[in-house]
Amino acid sequence: MTTPPPQQPAPNPYSGAPVPPNPYAGGAPQPNPYAQQPAGGPQPGQPPVGPPAGPGAWHAPQPASGFPAQQGAPGPMPHDPAFAPPYAHAPAPGCRNCGAPEAANFAVRAHVGVLIMMRFHTLNGPFCRQCGRALVRIMTTKTLCQGWWSPISLVIFTPFTLLWNLIASIKFGKLPHPTPAPGRQPLEEGPPVHARPLAYVAIIPLLWFTWVAVNIYLDASGRR
């Protein structure tokens with residue numbers, strides 16, 4: 001078997017075509033209009049860097065008149081109370097009812113006990129002298145009228161509430177006369193507790209408790 005002769009490659013029709021010259025090969029480099037000018041100005045023998053000068057040339061923005069040019073990193077801003085956060089100089093808490101600054105942060109309580117049902121009422125301060133004493137008288141009268149009709153209230157919760165309101169009345173009584181905020185008025189103190197008829201409802205359960213205690217004592221004495 002005979003071997004076929006090797007195939008010759010086809011001639012390249014573009015092998016003898018002349019190569020066109022590069023129009024940008026011999027051109028001078030264009031200056032970068034956004035490059036930063038070196039310190040001390042352009043070096044000798046080098047073109048200036050940046051946009052060309054002239055009437056219609058671009059210029060960097062300059063600071064407005066009356067303001068110094070910024071040098072380096074910006075420094076701390078001057079203190080301006082108008083831009084201070086709202087919690088930087090928060091005012092002292094005043095009376096929650098009339099806004100008077102002369103106030104004491106103390107709660108006023110009331111207790112209602114009916115058989116096995118009990119309710120606890122609490123008004124948190126701060127209150128001024130007049131508002132605090134008015135609330136003490138209202139809540140104490142409510143407790144004296146409705147706080148004795150449960151065995152547990154009669155022995156524990158009502159005496160504790162009355163003692164708490166007594167301490168609150170002493171605290172509020174030591175405050176100066178209030179200066180309410182504009183447009184707000186303090187509460188009227190009203191008559192004292194002993195001048196309110198509802199406060200004497202407490203006599204009924206107290207008499208009953210005294211009668212029960214005396215009978216228990218007499219029975220214990222008669223058994224001896």
Side-chain angles (χ1 to χ4, degrees), residues 85-224:
Y87 51 82
H89 304 285
C95 177
R96 59 178 296 185
N97 180 69
C98 68
E102 307 89 355
N105 192 6
F106 202 79
V108 183
R109 301 178 183 272
H111 177 72
V112 177
V114 180
L115 298 178
I116 60 175
M117 298 178 60
M118 293 179 291
R119 291 183 179 180
F120 302 87
H121 303 274
T122 303
L123 296 177
N124 295 318
F127 298 110
C128 65
R129 172 190 175 95
Q130 190 168 337
C131 295
R133 292 174 57 139
L135 292 174
V136 165
R137 294 177 180 183
I138 294 173
M139 302 288 273
T140 301
T141 304
K142 183 180 182 67
T143 303
L144 289 173
C145 180
Q146 304 177 0
W148 305 98
W149 310 107
S150 171
I152 301 178
S153 301
L154 178 66
V155 178
I156 300 177
F157 295 116
T158 297
F160 168 78
T161 303
L162 296 177
L163 180 61
W164 181 280
N165 287 348
L166 177 62
I167 298 174
S169 179
I170 295 175
K171 284 183 173 293
F172 295 136
K174 294 180 179 180
L175 296 174
H177 289 280
T179 305
R184 303 171 67 176
Q185 295 294 331
L187 297 175
E188 295 291 338
E189 293 187 14
V193 176
H194 62 82
R196 305 190 181 204
L198 290 178
Y200 293 96
V201 178
I203 296 178
I204 300 175
L206 288 178
L207 290 177
W208 174 81
F209 179 77
T210 304
W211 178 77
V212 171
V214 170
N215 286 337
I216 293 176
Y217 175 77
L218 293 177
D219 290 344
S221 300
R223 293 176 182 178
R224 291 179 181 178

Please report the closest heavy-atom contact between [X] and [Y], naming both atoms and the distance.
X: Lys142; Y: Val112; result: CE-CG2, 4.0 Å
X: Leu175; Y: Cys128; result: CD1-C, 4.0 Å
X: Ser150; Y: Leu115; result: OG-O, 2.5 Å
X: Glu189; Y: Ala134; result: CA-CB, 3.7 Å
X: Ala168; Y: Val136; result: CB-CG2, 4.1 Å

Pair Arg129 + Glu102, salt bridge at N-O below 4.0 Å: no

Over 12 non-hydrogen atoms of neighbours within 6.0 angstrom of CZ in Arg119: no

Side chain Ser153, main chain Thr158, donor-acceptor under 3.5 Å: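 Not confirmed, Ser153 side chain does not pair with Thr158 backbone.
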
Hey, are the side chains of [X] and [Y] touching, using non-hydrogen atoms and a 4.5 Å cut-off?
X: Leu187; Y: Gln130; result: no
X: Gln146; Y: Val114; result: no
X: Trp149; Y: Ile204; result: yes
X: Val108; Y: Asn165; result: yes
X: Thr122; Y: Trp164; result: no

Let me confirm one number: the [atom1]-[atom2] distance from [X] to [Y], rounded to the nearest 0.5 Å.
X: Ile152; Y: Ile116; atom1: CD1; atom2: CD1; answer: 9.5 Å
X: Met139; Y: Thr161; atom1: CE; atom2: OG1; answer: 9.0 Å
X: Arg96; Y: Asn105; atom1: CZ; atom2: CG; answer: 10.0 Å
X: Ile216; Y: Trp211; atom1: CD1; atom2: CH2; answer: 9.5 Å
X: Ile170; Y: Leu166; atom1: CD1; atom2: CG; answer: 4.5 Å

Passing candidate, side-chain contact (heavy atoms from CB on, under 4.5 Å) with Thr143, options Val193, Ile138, Leu162: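 When Val193, Ile138, Leu162 are each tested with Thr143, the side-chain contact (heavy atoms from CB on, under 4.5 Å) holds only for Leu162.
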
Residue pairs passing the ring-ring contact (aromatic ring centres under 6.0 Å, His included) test where at least one lies in residues 111-136, sequence neighbours excluded: His111-Phe120, His111-Phe157, Phe120-Phe157

